[in-house]
Structures are given as structure tokens and as C-alpha cells.
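Only one structure is covered here, and it is reproduced in the block below.
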Amino acid sequence: MTPEEISALIKDKGITFIDLKFNDLPGLWQHFSMPSSELTGVDNVAEGGLFREGVGFDGSSIRGFQQIQESDMILIPDPDTAVIDPVCKAFTLSMICDIYDPITRQPYSRDPRYVAKKAEAYLKSTGIADTSYWGPEMEFFIFDDVRFDQSVNFGYYYLDSIEGEWNTGRQENPNLGYKARYKEGYFPVPPHDSHQDLRSEMVKVLMGVGIGVEVHHHEVASGGQAEIDMRFDSLVRMADKCMMYKYVVKNVARRHNKVVTFMPKPLFQDNGSGMHTHQSLWKDGVNLFYDPKGYGLLSQLAKYYIGGLLKHAPALMAFCAPTTNSYKRLVPGFEAPVNLVYSMRNRSAAIRIPVYTDNPKSKRIEFRPPDPSCNPYLAFAAMLMAGLDGIENEIDPGDPVDKNIYELDEQEAAKIRTVPGSLEEALNALEEDHDFLLKGNVFTTDLLEVWIKYKREKEVEPIKLRPHPYEFQLYFDL
């Protein structure tokens with residue numbers, strides 16, 4: 001849409017507010033709103049106004065951005081992202097913004113959306129492909145109650161769900177007993193699946209803002225785990241949709257006095273939430289990952305792409321599984337996708353090749369270690385850069401592993417690499433292996449340094465300093 005079309009839309013629909021959204025470095029949407037008259041004035045439209053000059057904000061107040069002595073930044077909305085906001089009661093037009101430096105008027109190097117745009121541009125510059133397609137499977141939990149606190153002398157969390165098996169004996173006046181058993185929540189029908197209508201409402205809202213949805217269902221964990229799968233799209237557009245997806249499902253849940261979390265591992269002894277990420281490369285409308293004679297119908301180019309993902313996986317985890325909690329999910333021996341191998345159908349492998357169909361357009365690879373706590377702009381860009389590095393350097397991923405990895409003997413299992421066991425290990429890996437991210441200036445050294453520093457100081461170190469509740473179970477009576 002052009003600025004003039006946006007202005008006409010505001011007048012035709014009677015829109016009263018404009019909401020401008022942008023991404024902080026860790027991956028949370030930020031926003032502010034303004035009266036629509038700020039965008040529809042004669043001078044504003046004629047001169048390009050907001051779409052050319054932008055609007056200022058304090059970058060030092062946003063996580064991972066500027067220091068206080070260089071705080072001024074500019075937001076410029078992308079008119080192609082304009083949509084009627086699905087949450088606000090006042091009639092509001094929502095747009096996603098790009099971030100610029102007010103002095104140089106250049107895009108901001110730490111704007112996650114700019115990183116994703118540069119990744120798409122780098123892909124085209126290589127001549128390998130002109131488009132990458134992405135299909136993340138974002139899982140989340142729907143809870144009825146959440147409480148947590150931390151102080152000098154206490155620390156706790158408490159989660160509850162009407163669906164949790166732990167509530168089979170609770171007085172609910174009446175307790176109707178339909179609680180999914182631990183690890184048996186995959187695909188049950190109502191009444192065990194009590195969130196069917198809630199998820200359907202989420203899907204309707206998502207479709208109303210232009211996000212195609214393929215399927216929704218209950219996931220494995222007891223306690224309200226869910227999945228809604230979006231139809232694939234190109235890298236930046238899909239990252240935009242991931243942010244809107246989180247915004248929608250959280251707010252629809254709140255309408256019903258429930259709460260959604262994308263925390264990877266909120267519950268002990270049950271499945272965590274992943275973000276298995278389907279990806280493929282295309283050129284001139286042809287899927288470059290397809291070969292009717294290849295293993296799993298994969299081309300050699302696709303295997304090199306896999307080689308890049310597997311080689312750089314430890315460093316990738318710093319963006320794809322970027323929280324300390326991520327590694328409560330990525331634990332060997334619990335069916336987690338920690339093993340750095342590829343396979344058809346085998347879900348214990350880090351990379352699975354879906355074989356539901358032999359349609360050339362559907363051929364893709366699925367990278368399974370990422371989780372939905374990630375910043376999608378950075379995670380998708382990092383995965384693409386790793387895959388391209390594999391193609392450019394013809395990195396051989398080795399032979400596929402079609403056996404159940406958890407049943408391998410010790411000698412065979414010892415040969416298989418795994419993802420890092422903690423966020424600290426992933427950050428160390430990123431420090432040692434990041435040249436592939438710097439190609440084409442997609443990621444910059446300053447972004448990587450700030451990311452590593454932020455994660456260590458704000459997440460890794462604070463967790464190290466605090467006693468864990470279970471340590472009292474283990475050690476209090478020593």
C-alpha cells in the first residue's frame with residue numbers, strides 16, 4: 001500500500017488511531033499509538049510525512065538498543081504491514097516499523113527486522129536462490145493461573161490449568177474428571193480437549209489479519225499445550241507473522257481470563273514447547289530442495305544446506321534456543337531433538353525430512369531444536385546464513401540416521417554430536433563460530449557482541465546466583 005492508500009483507508013474505515021509496532025533485540029514487540037489525524041493531514045500525505053520522516057523514540061529504553069548518550073532513534077512504518085488491529089477496542093490501524101539512525105538516516109544495525117531483510121538480500125546476491133520459505137510450528141501453553149516471585153529469602157512459581165492431570169482430585173464443584181494424562185495430550189477430542197473453541201477463535205482472528213492457518217490442535221503435554229500452524233511464507237513476512245501470532249493468541253486467551261506462555265519448558269516431567277522450523281530455497285518458482293532420486297527426495301543442494309545447519313548448530317542455538325529455560329527442553333534421552341543428524345521420519349534427529357507427500361513443491365527440511373522464545377527475525381536469518389554457508393562450502397552432512405538414536409549402543413551414540421547443554425555453552429559457541437553470520441553484513445559484530453553481553457549479564461549470571469527451589473529438597477538437611 002502507498003501512503004495515499006493508507007490515508008484513504010483511514011478515512012473510509014473511520015480509523016481513529018495508528019499503532020506503530022517494532023521489535024526489541026530479545027524479541028518482544030513494543031508499540032505506541034497516535035491519533036489517525038497525524039497521518040491523514042494534507043501536509044503529511046503530500047510530503048510523505050510519517051513514511052518518510054518517521055517518528056522519534058528513546059532507543060536507550062529498549063532492550064539491546066542504544067546507550068543513554070545516543071538514545072534518539074527513528075521509526076518508519078512499513079505500509080505493506082498495515083492491518084486493522086485485532087486487539088484494540090478503538091478502531092486502530094497497526095503497522096510494523098523499521099528503525100533508523102536520526103543522524104545518518106541509515107537502517108539501524110541492531111534492528112532485528114533489518115537483519116532479516118539483509119539475509120533475504122544476501123540470499124539473492126549469491127545467485128543460489130531468490131526466495132526462502134519458512135514454516136515454523138509454534139507451540140504454547142494455555143494456563144488458568146500463573147504466579148511467580150523472587151526475593152532475597154524466597155523464590156517460587158505456581159502454574160495451574162483446568163486440564164492438568166494434577167487436578168484430578170481437586171474440588172472443582174464439580175470436578176468432571178476429563179484431564180489429559182501426562183504426555184498423552186496429543187490430538188484428544190473434547191471434552192479432554194477443553195480449548196477447542198478457544199483455539200478456533202484464535203485461528204479466526206489470525207485469518208482476519210491475513211495469516212493463513214493450516215491446522216490447530218492440542219499438543220502432547222497435560223495442562224493445555226497447544227499448536228496452531230501457519231501457512232509458509234518468505235522470511236521477513238513470516239517473522240512479521242510470528243510476532244502477530246504471539247500478539248493474537250495472548251490477547252484472545254486474555255479475553256477468556258486465561259494466559260498464554262511461549263516459555264519452552266514451564267512444566268516439570270512433561271513435554272516442552274518447540275518451534276520446529278520448516279525451510280526451503282526456491283529460484284524462478286522452482287523448489288531447489290527437490291530431487292526425485294535423492295534420499296527423502298532431497299537434492300544435493302538441500303543436503304549441503306543441512307550440512308551447514310548441523311555444522312553451525314551449536315552457535316545457532318544462541319539465537320534459536322536463546323533462553324536458559326530452552327535447555328530444560330533440550331535434554332538428551334527425553335525425545336528432545338538434540339542429536340545433530342538428519343533423517344526421514346525420525347523425530348529424535350535435529351533435522352527431519354517430512355515424507356507425507358512426494359509433491360515437489362512440498363519438499364523441505366525441518367530443523368527441530370528451535371523454540372518459540374526466539375526472536376524470529378534473528379533466528380530465521382541465522383538459520384538461512386548457516387544453510388547458505390553449507391551450500392557455498394559444500395559441507396557434507398554425512399549419512400542419515402534412521403535408527404532410534406536412543407537405542408544405539410554406546411559406541412554408536414558416542415559418535416553423534418548434540419546441541420549445547422546450556423545457554424552459556426551456546427553463547428560460547430557463537431563467540432567461536434560466527435563468521436558465517438557476518439557475510440553480506442547480515443549480522444554485524446556490534447549486534448553479536450551486544451547479544452552475547454546481554455544474555456550473559458541479564459540471563460545466565462542471574463540464574464547462577466539464585467538458589468533453586470529443588471536445592472532445598474536436596475540439601476537443606478545436610
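These numbers were taken from a predicted model, which means no experiment stands behind them.
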Q. Given the rule in the salt bridge (charged side-chain N to carboxylate O under 4.0 Å, His left out) test, do Lys363 and Asp291 qualify, once you have shown the distances and angles that lead to the verdict?
A. CA-CA 9 Å; Lys363 185 46 55 181; Asp291 182 345; over 6 Å; no
Report task. Would you check, one step at a time, whether the test salt bridge (charged side-chain N to carboxylate O under 4.0 Å, His left out) holds for Arg364 with Glu366? Result -> CA-CA 7 Å; Arg364 60 199 185 276; Glu366 175 191 5; over 6 Å; no
Considering non-hydrogen atoms only, spot the tightest contact between [X] and [Y] and give its length.
| X | Y | answer |
| --- | --- | --- |
| Gly27 | Met243 | O-CE, 3.2 Å |
| Leu330 | Val338 | C-CG1, 3.6 Å |
| Lys283 | Gly127 | NZ-O, 2.7 Å |
| Arg255 | Val205 | NH1-CG2, 4.2 Å |
| Ile74 | Gly54 | CG2-CA, 3.8 Å |
| Leu50 | Ile76 | O-CG2, 4.1 Å |

Between [X] and [Y], does any side-chain donor sit less than 3.5 Å from a side-chain acceptor?
| X | Y | answer |
| --- | --- | --- |
| Tyr327 | Glu425 | no |
| Thr323 | Glu459 | no |
| Ser280 | Asn287 | no |

Pair up each side-chain donor or acceptor in residues 83-91 with any protein partner under 3.5 Å, not counting sequence neighbours, and list the distances.
residue: Asp85; atom: OD1; partner: Val87; partner atom: N; Å: 2.8
residue: Asp85; atom: OD1; partner: Cys88; partner atom: N; Å: 3.1
residue: Asp85; atom: OD1; partner: Tyr247; partner atom: OH; Å: 3.0
residue: Asp85; atom: OD2; partner: Lys21; partner atom: NZ; Å: 2.7
residue: Asp85; atom: OD2; partner: Tyr247; partner atom: OH; Å: 3.1

Checking the side chain of [X] only, and the main-chain atoms of [Y] only, is there a donor and an acceptor separated by less than 3.5 Å?
| X | Y | answer |
| --- | --- | --- |
| Ser362 | Thr357 | no |
| Asn359 | Lys361 | yes |
| Ser200 | Gln196 | yes |
| Ser273 | Phe262 | no |
| Asp111 | Asp98 | no |
| Ser222 | Glu165 | yes |
| Thr131 | Trp282 | no |
| Lys118 | Asn441 | yes |
| Glu163 | Gly224 | yes |
| Lys265 | Asp270 | yes |

Take the angle between the ring planes of His195 and His218 and call it parallel below 30°, perpendicular above 60°, tilted in between.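 His195 and His218: parallel rings.
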Other residues, nucleotides, ligands: >12 heavy atoms within 6.0 Å of Arg417 CZ: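 Count over threshold, so yes.
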(Q) Can you confirm whether more than 12 heavy atoms, excluding those of Met34, are under 6.0 Å from its CE atom? (A)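 Yes.
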ring-ring contact (aromatic ring centres under 6.0 Å, His included) partner of Phe187, the single match among His192, His216, His217: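 Option passing the ring-ring contact (aromatic ring centres under 6.0 Å, His included) with Phe187: His217.
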Going by ring-ring contact (aromatic ring centres under 6.0 Å, His included), Phe443 matches just one of Tyr122, Tyr377, Phe319. Which one?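 For Phe443, the ring-ring contact (aromatic ring centres under 6.0 Å, His included) check succeeds only for Phe319.
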**OP:** Examine Lys303 relative to Tyr295 and say whether NZ or CZ is less than 6.0 Å from the centre of the six-membered ring and inside a 45° cone about the ring axis.
**Re:**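 Lys303 over Tyr295 ring: no.
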(request) Using the side-chain hydrogen bond (donor to acceptor under 3.5 Å, both in side chains) rule, take Asn325 and Ser373 through it: C-alpha gap first, then chi angles, then the decisive distance, then the call. (result) CA-CA 9 Å; Asn325 185 253; Ser373 68; over 6 Å; no
- request: Would you mind telling me which of Arg113, Lys117, Lys246 makes a salt bridge (charged side-chain N to carboxylate O under 4.0 Å, His left out) with Asp240?
  value: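 That would be Arg113; it is the only one of Arg113, Lys117, Lys246 passing the salt bridge (charged side-chain N to carboxylate O under 4.0 Å, His left out) with Asp240.
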* Measure the OG-CE distance between Ser326 and Met275 for me, rounded to the nearest 0.5 Å. =>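 If we round to the nearest 0.5 Å, Ser326:OG and Met275:CE are 10.5 Å apart.
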What is the distance from atom CG of Asn271 to atom CZ of Phe141, rounded to the nearest 0.5 Å?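 Those atoms lie 7.5 Å apart.
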Check your understanding: Does the side-chain hydrogen bond (donor to acceptor under 3.5 Å, both in side chains) test come out yes or no for His278 and Glu137, once each step is laid out?
Key -> CA-CA 8 Å; His278 298 253; Glu137 300 177 8; 2.6 Å; yes
Q) Using the benzene-type ring in the case of Trp, are the ring centres of Phe57 and Phe32 under 6.0 Å apart? A)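 Not under 6.0 Å, so no.
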- prompt: Does the side chain of Phe22 reach to within under 4.5 Å of the side chain of Leu20, using non-hydrogen atoms?
  reply: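 Side-chain contact under 4.5 Å: no.
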Check your understanding: Is there a side-chain contact (heavy atoms from CB on, under 4.5 Å) between Asn167 and Ile162 once you walk through the steps?
Key -> CA-CA 7 Å; Asn167 280 325; Ile162 194 72; 5.9 Å; no
Evaluate Glu214 against Arg231 for salt bridge (charged side-chain N to carboxylate O under 4.0 Å, His left out), listing each step before the verdict.
CA-CA 6 Å; Glu214 294 181 335; Arg231 188 171 297 280; 3.7 Å; yes
